[in-house]
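Input: a single structure, listed below in structure tokens.
In this chain, numbering begins with 1 at the start of the sequence shown. Order of listing sets the numbers, starting from 1, for every ligand and every atom in it.
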Amino acid sequence: MSYLIRNVSVLGGAPVDLVVRDGVIVDSADGTEEVMDGTGLIALPGLVDLHTHLREPGREDAETVLTGSRAAALGGYTAVCAMANTNPVADTAGVVEQVWRLGREAGLVDVQPIGAVTVGLGGEKLAELGAMADSAAAVRIFSDDGMCVHDPRLMRRALEYVKAFDGVIAQHAEEPRLTQGAQMHEGDVSARLGLTGWPSVAEEAIIARDVLLAAHTGARLHVCHVSTAGSVEVIRQAKARGVRVTAEVTPHHLLLTDEAVGGSIEGTAPYDPVFKVNPPLRTAEDVEALRSGLVDGTIDVVATDHAPHAAQDKECEWAYARPGMLGLETALPIVLHTVGDALGWDGIADRMSRTPARIAGLDEHGHTPVPGSPATFTLIDPQARFTVDPAALASLSANTPYAGMELPGKVVATFLRGKRTALDGKAAA
Ligand SMILES: NC(=O)N[C@@H](CC(=O)O)C(=O)O
Ligand SMILES: [Zn+2]
Ligand SMILES: [Zn+2]
């Protein structure tokens with residue numbers, strides 16, 4: 001199929017016509033194209049998510065590679081990095097190749113597997129990092145996400161190992177001794193609600209240690225889901241010293257605070273597990289620091305940490321509920337709502353496509369849609385507003401914290417190498 005998209009604004013620029021043919025954007029139409037009206041729409045490079053939980057293999061009742069790919073395409077994504085905390089864990093060449101192959105078969109986004117750092121996420125023995133890197137999945141990001149690589153000796157070895165092939169260790173920064181039994185952010189709200197706290201220092205202490213290890217080894221460190229003002233400060237200092245560290249923030253940490261656990265959001269009751277997440281929702285001061293850290297580039301990217309959970313694991317008593325929330329279908333609207341004006345379209349393209357593509361080594365992604373580039377982009381209607389309906393999401397799970405919220409920005413269509421993967425709220429497969 002070829003397409004002629006009329007009158008579309010690339011990254012907010014003056015309207016142009018975009019012609020999609022043979023997987024790339026070409027100079028001129030030849031009359032055989034399907035015509036789409038792009039008036040009022042913004043074209044962005046296809047979004048790239050560095051942090052997605054797809055749950056396959058093991059929890060196909062919560063999400064599969066196919067259903068997660070649909071959610072991604074509908075959210076404007078053309079590539080997602082699939083976290084390793086599946087069952088079995090993605091700690092061998094066999095499992096990462098399986099996930100990679102399932103992604104190709106679904107054909108909606110490029111699914112780039114992340115490999116586990118340690119065997120079974122056990123934190124005791126390095127997984128076969130080299131074999132995963134050499135596999136068909138060509139793994140470059142390794143993470144025990146869900147768990148912290150808390151043994152400093154193991155973290156050092158992992159950094160040294162991946163340095164050889166310019167890999168990166170993505171750390172879930174959580175000092176386990178400081179978060180035993182933790183249920184939410186440690187602060188006034190946890191005290192009021194009587195829930196065990198997850199102190200900010202449990203995150204900041206690991207990031208501080210890891211940037212020192214990254215400096216010592218000369219290897220690349222990526223910090224997952226940064227959630228505190230103190231973490232932003234540690235990363236800012238490390239970058240000023242030339243440490244090879246990158247960091248991500250999630251949409252939910254850019255918007256929500258621990259007050260949500262107390263029932264502050266209209267239509268919700270206190271202790272609603274839909275707001276339970278790791279790291280926990282923090283304070284308004286943290287939200288402010290995360291927003292300005294993202295805008296000034298201290299935080300490099302927005303990553304969703306899309307974490308689908310089946311109803312029985314989420315709609316239960318707070319203490320028993322699994323942590324995590326959906327993200328793929330609402331990420332861009334939340335970013336527009338929170339930091340859209342401060343970032344502008346080019347800034348959004350940078351934090352949600354260009355930079356994550358560079359960190360993940362996904363060379364076919366992150367290109368501004370102009371003639372000569374891969375036709376891997378998304379079309380946004382910035383004027384359209386919509387109300388989040390959990391049941392209407394393409395994800396197999398419904399644990400969105402934004403139910404009933406009205407958000408700006410609708411994804412109209414997404415293209416992956418010239419294939420239209422989503423159109424008007426429907427995925428192509
Ligand atoms: N974010 C979460 O609260 N949960 C994630 C794991 C993680 O990202 O730490 C999950 O796998 O459910
Ligand atoms: Zn995590
Ligand atoms: Zn995660």
- Task: Taking all non-hydrogen atoms of both residues into account, name the closest pair between Pro382 and Trp345 and its distance.
- Result: CB-CZ2, 3.7 Å
- Item | Minimum-distance N/O/S atom that His225 presents toward the Zn ion (ligand 2) | NE2
- Item | Option from Arg220, Lys239, Arg236, Arg351 for which salt bridge (Lys or Arg N to Asp or Glu O under 4.0 Å) with Asp300 holds | Lys239
- Would a line drawn from the ring center of His51 to the ring center of His225 be shorter than 6.0 Å? yes
- Query: Does the ring centre of Tyr3 sit less than 6.0 Å away from the ring centre of Phe415?
  - Reply: yes
- Query: Of all the non-hydrogen atoms in the protein, which one sits nearest to atom 1 (N) of ligand 1, and at what distance?
  - Reply: Asp305 OD2, 2.8 Å
- Item | Heavy atom of the protein closest to atom 8 (O) of ligand 1 (residue, atom name, distance) | Asp145 OD2, 2.8 Å
Which atoms from ligand 1 have a heavy atom of [X] less than 4.0 Å away?
X: Gly324; result: 2 (C), 3 (O), 4 (N)
X: Val277; result: 3 (O)
X: Gly146; result: 6 (C), 7 (C), 9 (O)
X: Pro323; result: 2 (C), 3 (O), 4 (N), 12 (O)
X: His309; result: 12 (O)

- Query: Is it the side chain, the backbone, both or neither of Asn278 that has a heavy atom closer than 4.0 Å to ligand 1?
  - Reply: both
- Taking atom CZ of Arg385 as the centre, report whether more than 12 heavy atoms of other residues, nucleotides or ligands fall under 6.0 Å from it. yes
- Task: Take atom CE of Met405 as the centre, draw a 6.0 Å sphere, and report whether it contains more than 12 heavy atoms from other residues, nucleotides or ligands.
- Result: yes
- Item | the Zn ion (ligand 3) to nearest N/O/S of His172 below 2.8 Å | no
- Task: Examine Cys224 and say whether one of its N/O/S atoms is closer to the Zn ion (ligand 3) than 2.8 Å.
- Result: no
- For the residue pair Thr387 and Glu406, confirm or rule out a side-chain donor-acceptor distance under 3.5 Å. no
- Message: Side chains of Gln171 and Ser143 only: does a donor on one sit below 3.5 Å from an acceptor on the other?
- Response: no
- Message: Strictly under 2.8 Å, is the Zn ion (ligand 2) approached by any N, O or S atom of Asp145?
- Response: yes
- 4.0 Å heavy-atom contact, His225 with ligand 1: yes
- Message: Taking only non-hydrogen atoms of His51, do any sit less than 4.0 angstrom from ligand 1?
- Response: yes
- Message: Among Thr338, Leu47, Leu50, Val335, which residue satisfies the side chain to side chain contact (heavy atoms under 4.5 Å, CB included) criterion with Val302?
- Response: Val335
- Considering Lys276, Glu174, His53, Arg55, which one's heavy-atom position lies nearest to atom 6 (C) of ligand 1? His53
- Task: Would you please test Asp110 and Arg417 for salt bridge (Lys or Arg N to Asp or Glu O under 4.0 Å) and show each step?
- Result: CA-CA 10 Å; Asp110 286 341; Arg417 289 183 288 273; 2.7 Å; yes
- Item | the Zn ion (ligand 3): angle it makes with NE2 (His51) and OD1 (Asp305), nearest 10 degrees | 80°
